[in-house]
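Starting from 1, each residue takes its place in the sequence as its number. Note: hydrogens, waters and symmetry copies are ignored here, and every other heavy atom, side chains too, is used.
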Amino acid sequence: MEIEDSSLSPFLKSPTFRETSIAILKFGLPLIITGFSNYGLYFLNAYIVSLRQDATMLGSMGIGDTLYQVIGEGMAYGFSLAFYVQFVPLIAQKQYAEGCRLFYRRIAAAFFAALPIIVLFLFSHRLFIFAGVLPELANGAYEFLISLIPTAYLVFVSYTFLNFLSAYNQQNIYIFIQLLGGIVELVSVYVAMVIHKGELYWVGLLLGLFFVNRIGASVIYCKYVLVKEFPGSWVWPTWDMFSGMGEEVKYGWDNALVSLPITLLIEINIVISGGLTDVEAAVQSLVFRLYAPIVYLMDDLSFSVISKVLFYKGEGDRKLSKLYLDNGLKLIILACGCLAIFWYTLGDPILSRLIPESEEFEGPMRSALKYVGIANFLHGFVIHFAKLLRSHDKAPLCAVTLILGCLLVQIPVGYLLCFYYDLRLEGIWIAFILALLFDLVMTVYFASKIDHRKMLNSSHDETNYDVELFNARRLSTDQ
């Protein structure tokens, strides 16, 4: 993985590990805050539902909510990220009105992109039963997902707004809207679920309302604030803007599907646990509600590292590119180690407050917490090396490798250890760790074959490399 030295003067002092780490964190902070607050909201929703002391309700929510996050929100984020490739050059050329027309096409394309997800929600009950989920958990998860059908489209629109505002360097207003709306949503869920003892579908409906408020506030900001600084940045749509929508849908899904396999690992874990008892499914649900935002912290941190590497490669500075690649990996190692320590020191005190004080709940929780720190440590590395492969135009190879980890390791070994050898939750977590080890070995091997001496000036406009490089060029704090 050698990179040739830059032609920069040898008298110039290279940045230290501390300096590069600060630059990476500053670059990724808005994205980290956005992602963590999003997934932190789902954890707090699960916490509120846990106050009902209803294991079946909590387990159902975990199975349904994870499918929504993995398929719905994960695909929406990948779909909207592709928006940068087309949008950022228009902003750089001050073609604001054309950029807004493109924005409307993406919003319309998002409706058609969301249709397969809506169909999946409609047939999710059969999928859960086929996977061996208990009928009462499958029924609850299905009802919850039906209430999330409007949200399946709204989340696509919301993330498109995030990228639209970020291209104008206005992402902070989106973060503020999201945090404020999240507080209102949590209070509403508490009133509906705890005070009025509502059904689980209320959580889905209120989550959809949260996205409606976020989108509405973004529209108001664009119409009355953004347009003052960037004249023509907000125009009302006309029918002629929506031509070529089929290409928009395909283009967005090509990028979105790359992120599916790595998040599918989490959903498989939850679904297998649904074949045990409602208590074990509830415990698994709580663990993964906290696990998800922490894992996505690593995803955002890795994105920042890779964007820096690509930025300096694009600028022709291979010395700094190598430096950020090496120091970025050190930062990832440090972060993964800290997260493992977090799980083994604070995981039990935090999660034990969310379950009843009985051996029925405490036993499964202890089983999960024995392995979750190791899994989180490995998952961070898998995400980083998978993103490295994607950024070097090896997205299909990355996707196939991760899917093989699910099909050849996690699913068969998970069911075998969980049910045949009766290891229950421990068997699921052992299979999860083995799948992550398989993924890590394969992604590290393929990453070691990357020729970093090439500048990676791809002739293809529809690659993940271009998405991240455009983002890096726009947002890099070192410009």
Side-chain angles (χ1 to χ4, degrees), residues 31 34-35 37-42 44-45 61 64-83 87 100 102-122 124 141-166 171 173-189 192 200-223 234 237 242 245 248-249 252-253 255-256 259-260 263 292 296:
L31 187 62
T34 301
S37 58
N38 249 10
Y39 288 96
L41 174 68
Y42 303 138
L44 293 174
N45 277 334
M61 179 183 177
D65 196 31
T66 306
L67 182 64
Y68 159 73
Q69 288 182 44
V70 169
I71 306 297
E73 188 142 348
M75 295 299 96
Y77 177 74
F79 183 89
S80 63
L81 188 62
F83 182 40
F87 190 61
C100 191
L102 173 61
F103 168 76
Y104 284 126
R105 285 201 301 274
R106 298 294 296 183
I107 294 294
F111 173 78
F112 296 99
L115 287 179
I117 295 173
I118 293 173
V119 171
L120 177 64
F121 287 1
L122 290 172
S124 59
Y142 174 71
E143 292 174 3
F144 181 58
L145 285 170
I146 292 300
S147 70
L148 284 170
I149 284 178
T151 309
Y153 169 65
L154 293 173
V155 69
F156 274 80
V157 177
S158 179
Y159 272 116
T160 304
F161 262 107
L162 169 61
N163 285 295
F164 180 78
L165 290 170
S166 296
Q171 64 271 17
I173 187 64
Y174 183 91
I175 294 172
F176 173 77
I177 292 170
Q178 175 176 278
L179 293 175
L180 184 62
I183 293 171
V184 175
E185 195 264 353
L186 286 172
V187 173
S188 302
V189 169
L200 193 57
Y201 66 82
W202 276 105
V203 180
L205 295 177
L206 289 169
L207 187 62
L209 186 61
F210 164 64
F211 280 105
V212 169
N213 292 334
R214 189 193 300 188
I215 293 166
S218 298
V219 170
I220 293 171
Y221 180 82
C222 291
K223 178 68 175 68
W234 186 260
F242 301 111
M245 212 134 48
E248 294 287 348
V249 174
W253 268 100
N255 284 273
S259 62
L260 177 61
T263 53
Y296 281 98

* Relative to each other, are the rings of F164 and F103 parallel, tilted or perpendicular (30° and 60° limits)? -> tilted
* What's the shortest heavy-atom distance between S147 and G204, and which atoms? -> OG-CA, 3.4 Å
* First locate atom OG of S218, then atom CZ of F211, and finally report the distance between them rounded to the nearest 0.5 Å. => 11.5 Å
* Check the pair C222, F161 against side chain to side chain contact (heavy atoms under 4.5 Å, CB included), reporting the backbone distance first and the verdict last. => CA-CA 10 Å; C222 291; F161 262 107; 4.1 Å; yes
* So which heavy atom on W202 is nearest to which on A192, and how close? -> CB-CB, 4.2 Å
* Asked: Can you name the residues that form a side-chain contact (heavy atoms from CB on, under 4.5 Å) with L186, not counting sequence neighbours?
  -> L41, L44, N45, I48
* Atom CD1 of I215 and atom OH of Y159: how far apart are they, to the nearest 0.5 Å? -> 12.0 Å
* **Evaluation steps, side chain to side chain donor-acceptor pair (under 3.5 Å), between R214 and S158** => CA-CA 7 Å; R214 189 193 300 188; S158 179; 3.1 Å; yes
* **Side-chain touch E185/L207, heavy atoms, less than 4.5 angstrom** => yes
* Inter-residue atom distance Y174.OH - L165.CG, 0.5 Å rounding -> 8.5 Å
* To do: Kindly compute the distance separating CD1 (I107) from CZ (F156), expressed to the nearest 0.5 Å.
  => 11.0 Å
* If you take all heavy atoms of G64 and A141, which pair is closest and at what distance? -> N-CB, 3.8 Å
* Could you walk me through whether L120 and Y68 pass the side chain to side chain contact (heavy atoms under 4.5 Å, CB included) test, one step at a time? => CA-CA 10 Å; L120 177 64; Y68 159 73; over 6 Å; no
* Separation between CG of L154 and CG of L209, rounded to the nearest 0.5 Å -> 10.0 Å
* Asked: Hey, what do you get for CD1 (I220) to CD1 (I177), rounding to the nearest 0.5 Å?
  -> 8.5 Å
* Of all residues at least two apart in sequence or in a different chain, which pass the side-chain contact (heavy atoms from CB on, under 4.5 Å) check with Y142? -> S124, H125, I146
